[in-house]
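Take a look at the structure below.
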Amino acid sequence: MSGRRAHVVVIGGGYAGIAAANRLRRRAGIDITVVNPRPEFVERIQLHQLAAGTGSATAAYDSLLGAGRSTRSRPQTDVETCDSARYRWYERQDGGMNQDGTRESPKTGLFAGISTVDIAYLVDGYPAEDTKTQARDQFIGAGGPATNAAVAYAALGGAPVLVTAVGAHRLGGLIRNDLSAHGVRVVDVRADSDHQPPVSSIVVAESAATRTIVSLDGARIAVEYDHRLAGLLADVNVVLVDGHYPALAAGLCERARSLGIPTVLDAGRFKDPHTALLPHIRSAICSAAFAPPGIRPGDTAAVLAYLRTAGVENIAITNGGTPIIGLTGDREFRIDIPETQAVDTLGAGDILHGAFCYYTAAGHDFVRALTLASKVASFSCRFFGTREWCARLSELPAGGTPGPEA
């Protein structure tokens, strides 16, 4: 049996079909065929642009199936087209199972924020100044808080849409291809811009399980909120913003709150635009470095009081491997972080936020969603880079990936 190749046929080349095919590509010894009635992928979330005559709603499958992005041997993936009538009886359905035995569609999450190109190197110890160091491994892929959160949401089984500014620069292709391979649909609000996406250079020192980052933020990229983006909120179950594009974040969150959609802020460090954004936020997950004006870093009680006064219902403060502390309603809480053998903490906070959104969309309360998300984030630290953990979820302690009903 070990010498035989498996042949997997994916019926339907939509969002879920392409995501399934790309995840299967990570396994050796598998041939994959995608069967679809159309020769091109239809981006449903871009149909409004097609109707308005401002853009296209199709993409070539060759650009989505991610061939040749690894030095490891990969199986080949084919796309076959056919008369849809012949295959009408095939129905690909994702998501969980309802109590009445019917299938539940994947929950949709909308993520808005910066997309970067991350270049990370794994070394034994942080290099001394003015030296050359041979890395043990490297990672190149899309990065950014909302971007990594969207990837985590997809890895757990959700259907994420990322609103961001990629642009027409050649580095934008790397971002789009990486996100397509991981099941993230991209809405590029600066598609015609030739700006260079921000590039983050990261050194991961395994001996100390630390990461050092040098990067640009999104301040050089002008992104405004277009009211037509509100159409993306139809059927969305949760919205997360990272605050890098303040006007975009505020516009989406204000509209989402008016529709009763939970809004989440990834608040790493305090930025001045947070003041105008916070009234539209239901849940804020902050790092210990979050320090509004007049509040010293680490003054947890003052931060909780500040955010509650700003109208935030649910608040959590994270600090690496130490317990998460927070406030939901009148209840204070503490969540212990699962112990793990950390190799790389890069993106762990982003992964926590994406997993939190996934469990929130599944109907869990604030504390339960955070508790489940902390298990996923802690697990991700066992692997170098921000993607490897996605393919290793079956190794997650306590029986694998926590499902929506966990």
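These numbers were taken from a predicted model, which means no experiment stands behind them. Computed over heavy atoms, backbone and side chain alike; hydrogens, waters and symmetry mates excluded.
- A donor-acceptor pair under 3.5 Å is absent between the side-chain atoms of Thr340 and the main chain of Phe379, judged by distance alone.
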Given the rule in the side-chain contact (heavy atoms from CB on, under 4.5 Å) test, do Thr210 and Thr345 qualify, once you have shown the distances and angles that lead to the verdict? CA-CA 7 Å; Thr210 60; Thr345 60; 6.0 Å; no
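- Judged by distance alone, the side chain of Ser287 and the main-chain N or O of Gly268 form a donor-acceptor pair under 3.5 Å.
- Within the model, atoms OG1 of Thr386 and NE2 of His182 stand 8.0 Å from one another, a figure rounded to the nearest 0.5 Å.
- Side-chain contact check for Asp137 versus Phe139: every heavy-atom pair is 4.5 Å or farther apart.
- Put simply, CG on Leu259 and OG1 on Thr263 are 11.0 Å apart, with the number rounded to the nearest 0.5 Å.
- Aromatic ring orientation, Tyr153 versus Phe111: perpendicular (interplanar angle above 60°, classes split at 30° and 60°).
- Checked by atom type and distance alone, the side chain of Asp188 pairs as donor or acceptor with a backbone atom of Gly167 at under 3.5 Å.
- Shown here is Tyr121, whose OH atom has no more than 12 heavy atoms of other residues, nucleotides or ligands within 6.0 Å.
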Go through His353 and Val264 one step at a time and tell me if the side-chain contact (heavy atoms from CB on, under 4.5 Å) criterion holds. CA-CA 8 Å; His353 303 147; Val264 182; 5.7 Å; no
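- With hydrogens and angles ignored, the 3.5 Å screen pairs no side-chain donor or acceptor of Ser200 with any backbone N or O of Ser215.
- Across every non-hydrogen atom of Ile295 and Ala302, the tightest pair is CD1-O, 3.6 Å.
- Note that the CD1 atom of Ile337 and the CG atom of Leu352 stand 7.0 Å from one another [nearest 0.5 Å].
- Rounded to the nearest 0.5 Å, atoms CG (Leu110) and CG (Asp235) are 12.0 Å apart.
- For the 3.5 Å distance criterion, the side chains of Thr328 and Asn314 qualify, holding a donor opposite an acceptor.
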Stepwise, does the side-chain contact (heavy atoms from CB on, under 4.5 Å) test hold for Ile285 with Leu370? CA-CA 10 Å; Ile285 305 177; Leu370 268 178; 4.0 Å; yes
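- Using a 4.5 Å cut-off on side-chain heavy atoms (C-beta onward), Phe356 and Val376 make no contact.
- Taking the side chain as every heavy atom from C-beta outward, Arg382 and Arg392 never approach each other to under 4.5 Å.
- Side chain of Ser380 to backbone of Ala377: a donor-acceptor contact under 3.5 angstrom is found.
- Of the possible donor and acceptor atoms, one in the side chain of His274 sits under 3.5 Å from a partner among the backbone N and O of Lys271.
- Listed here is the closest heavy atom pair of Pro292 and Val303: CD-CG2, 4.2 Å.
- Side-chain contact check for Ser193 versus Ile221: every heavy-atom pair is 4.5 Å or farther apart.
- Contact annotation: the side chain of Ile175 approaches that of Val117 to within less than 4.5 Å [non-hydrogen atoms, C-beta and beyond].
- Exactly one residue among Pro273, Pro145, Pro198 makes a side chain to side chain contact (heavy atoms under 4.5 Å, CB included) with His244. That residue is Pro145.
- No side-chain heavy atom of Ile119 sits less than 4.5 Å from a side-chain heavy atom of Gln138.
- Rounding to the nearest 0.5 angstrom, the gap separating the CG atom in Leu307 from the CG atom in Leu265 is 8.5 Å.
- When atom types are taken as modelled, the side chain of Asp178 and the backbone of Ala142 share a donor-acceptor pair closer than 3.5 angstrom.
- When all heavy atoms of Ile202 and Arg211 are compared, the closest pair comes out as CG2-CB, 4.2 Å.
- Side-chain contact between Ile317 and Phe290: absent, with no pair of heavy atoms (C-beta onward) separated by less than 4.5 Å.
- A pairwise comparison of heavy atoms in Thr360 and Ala369 identifies OG1-CB, 3.8 Å as the closest pair.
- Residue Pro323 comes nearest to Arg334 through the heavy atom pair CG-NH2, 3.2 Å, listed as atom of the first residue, atom of the second, then distance.
- Closest non-hydrogen pair, Thr300 versus Ile325, comes out as CG2-CD1, 3.0 Å.
- In this structure, the side chain of Ser378 does not engage the main chain of Lys375 through any donor-acceptor pair within 3.5 Å.
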How far apart are the C-alpha atoms of Val204 and Val343, what are their side-chain angles, what is the distance that settles it, and do they pass the side-chain contact (heavy atoms from CB on, under 4.5 Å) test? CA-CA 8 Å; Val204 177; Val343 172; 5.7 Å; no
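- Here Arg257 pairs with Glu313 in a salt bridge; the nearest charged N to carboxylate O distance falls below 4.0 Å.
- Listed for the Asp344 side chain is a donor-acceptor partner under 3.5 Å among the backbone atoms of Gly385.
- Considering only heavy atoms from C-beta on, Tyr306 comes within 4.5 Å of Leu278 through its side chain.
- Counting heavy-atom neighbours within 6.0 Å of Arg269 CZ, excluding the residue itself, gives a total of 12 or less.
- The backbone N or O of Ala222 lies less than 3.5 Å from a partner atom in the side chain of Arg190, making a donor-acceptor pair.
- Taken to the nearest 0.5 Å, the OG atom of Ser374 stands 6.0 Å off from the CD1 atom of Ile335.
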